[in-house]
K.L.:
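First the structure, then my questions, so here it is.
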Amino acid sequence: MILEDGFAPNGYTYVAALSGCTNLRAERIGKELHGRMYRTEESINSFVTNCLVNFYGKCGLLKSARLVFDGTLEPNSVTWASLISCYFHCGEYQEGLTMFVSALRRGMIVNEFFVGSVLGASAATKSLKLGMQIHSLVVKSSLGRMDQFVVTGLINFYAKCGRLDLARRSFDEAEAPELHAWTALIGGCVQLGSGREAIDLFCKLLSSDLKPSERTYSSVLGAFADVKEVGKQIHCRIVKLGFDSFSFISNALLDFYSKSDLFEESLNLFREMKEHDVVSWNTLIAGCVSSGWYEEAMRFLTL
DNA sequence: TTAGGGTTAG
């Protein structure tokens, strides 16, 4: 539209457009914009270049992201952080870490963006040693006291590595943990079998100024298998909030009913769902088996 | 006016 109107896009335009393409994973349009930039080279600056790296990487086109990065004369900390996060985003943890080490060698200062990324990679690969090294950097630089991404990253990392004690400590040491941090800790408690602690935290969250999100509900649901009636009330609340339209919430509800030995409720819910994905089916079939409904399980498997 | 990082179910 801007082109049809006779205006030439500038750097600001490209940054906005490329960011949109990244969020929407609009590969074709992003590539077109990249081609167009070569004809108006004056609009290419470091902001645009960094957006290009991020655009290609988040679309899974790591080679293109790397080409743009390698063509950058003086990559700054954002260029490095973008490329590293793209490697992690695509599951290329080793290459991402190699680039992180290169960034440090080139004199980049570890900031909250690098820390957030590397903590995520440490969580995904369950690398307790690496994450703890990053944690010590966080303590030395006081990053964790200020940045919520770092706080949540630490909680998530420790929980994924099975260290609920250290996840809890990171949470307690944060000045004012925000919702993401609460959700990460609650999810960690549930995953590591501390349902009681998860419910206590969830109650505290409800009485705070923060409002649990659909992700918080999906994290906590598993903790209610031991207290079915409360779990059913949570289900009502989820419906009132309109969160049951999210497929991952429906799946978490399916799981809750299966674990609570309320398999018929689970089956009813499955029938009411508009869409089923592979998780819905897996949950349903696992529920059949654990309830001793083997014939139904076979029937669903062969449908 | 512009770029990068965290939480979700089996």
K.L.:
Checking A/Q233 now: which residues fulfil side chain to side chain donor-acceptor pair (under 3.5 Å) with it, not counting sequence neighbours?
P.N.:
none

K.L.:
Mind checking if A/T49 touches a base, just sugar-phosphate, or nothing, with heavy atoms under 4.0 Å?
P.N.:
nothing

K.L.:
Base, sugar-phosphate, or nothing for A/E214, non-hydrogen atoms under 4.0 angstrom?
P.N.:
nothing

K.L.:
With a 4.0 angstrom cut-off to heavy atoms of chain A, pull out the first and last contacting nucleotide of DNA chain B, in 5'-to-3' order.
P.N.:
B/dT1 to B/dG10

K.L.:
Listed by chain and number, what are the side chain to side chain donor-acceptor pair (under 3.5 Å) partners of A/R215, not counting sequence neighbours?
P.N.:
none

K.L.:
Taking any heavy-atom pair under 4.0 Å as a contact, classify A/S82: base, sugar-phosphate, or nothing.
P.N.:
sugar-phosphate

K.L.:
How are the rings of A/F270 and A/H276 set to each other: parallel, tilted or perpendicular (split at 30° and 60°)?
P.N.:
parallel

K.L.:
At under 4.0 Å between heavy atoms, what does A/V278 touch on the DNA or RNA strands: base, sugar-phosphate, or nothing?
P.N.:
base

K.L.:
Scan A/Q191 against the nucleic acid and name what it touches under 4.0 Å (heavy atoms): base, sugar-phosphate only, or nothing.
P.N.:
sugar-phosphate

K.L.:
Kindly write out the residues that satisfy side chain to side chain donor-acceptor pair (under 3.5 Å) with A/N23, not counting sequence neighbours, or none if the list is empty.
P.N.:
none

K.L.:
Side chain to side chain donor-acceptor pair (under 3.5 Å) with A/S250: which residues, sequence neighbours excluded?
P.N.:
none

K.L.:
Sequence neighbours left out, cut at 3.5 Å: what donor-acceptor pairs do the side chains of residues 223-230 of chain A make with other protein atoms?
P.N.:
residue : atom : partner : partner atom : Å
A/K228  : NZ   : A/S260  : O            : 3.1

